[in-house]
Amino acid sequence: VIARRGFEKDLYTHEEVFEGIRQSPFTIKEAAEYLEVAEITVRRWVKDGILKHKRIGKNIVFDPDMLKEFKRSRS
């Protein structure tokens, strides 16, 4: 349904779109979109130790399950 109509916030909740769609790590950009905050906010949370992350080379990535739990805890 989403593929046919496109993602519009009025039609679908954020949770409906992102629920269970992947198990690979999220990038900062993807994490920001999932958490519905700016990328700079995610970077600040990483720097301040608020948001757990891993590094793959120079890239910062996030476990999807950890992001889901973090989002629930901030609601």
Side-chain angles (χ1 to χ4, degrees):
V1 173
I2 293 172
R4 280 186 268 130
R5 297 184 69 187
F7 176 68
E8 296 180 27
K9 283 195 169 209
D10 297 337
L11 299 176
Y12 305 99
T13 66
H14 197 267
E15 197 64 30
E16 287 176 317
V17 174
F18 288 98
E19 183 66 32
I21 61 170
R22 64 189 285 167
Q23 285 301 313
S24 60
F26 278 61
T27 64
I28 287 181
K29 182 176 182 176
E30 292 166 334
E33 187 174 337
Y34 176 73
L35 297 172
E36 300 181 79
V37 297
E39 287 181 46
I40 192 71
T41 301
V42 173
R43 290 180 187 279
R44 186 176 63 245
W45 287 341
V46 166
K47 181 180 176 188
D48 294 344
I50 297 170
L51 188 56
K52 294 180 184 177
H53 65 283
K54 295 180 182 176
R55 288 197 178 266
I56 298 178
K58 292 184 178 183
N59 299 311
I60 296 172
V61 295
F62 306 91
D63 177 68
D65 294 329
M66 185 277 309
L67 284 178
K68 187 183 288 188
E69 185 61 36
F70 181 81
K71 186 172 182 173
R72 280 191 201 128
S73 72
R74 297 192 60 86
S75 298

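The structure displayed is predicted, hence computed values, not measured ones.
Considering every non-hydrogen atom in both Phe26 and Ala31, the closest pair reads CD2-N, 3.9 Å. Residues Pro64 and Pro25 approach most closely at CD-CA, 4.3 Å, considering heavy atoms. The heavy-atom pair separating Tyr34 from Lys68 by the smallest distance is OH-CA, 3.5 Å.
In the hydrophobic clustering, where aliphatic and aromatic side chains (Ile, Leu, Val, Met, Phe, Trp, Tyr) are joined below 4.5 Å either directly or transitively, Ile56 groups with Val61.
From Phe70, atom CZ reaches atom CG of Leu51 across 5.0 Å, with rounding to the nearest 0.5 Å. Taken from NZ in Lys71 to CE in Met66, the straight-line distance is 13.0 Å, to the nearest 0.5 Å.
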Which side-chain N or O atoms in residues 41-50 pair as donor and acceptor under 3.5 Å with protein atoms at least two apart or in another chain?
none

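For Glu69, the salt bridge (Lys or Arg N to Asp or Glu O under 4.0 Å) partners two or more places apart in sequence, or in a different chain, are Arg72.
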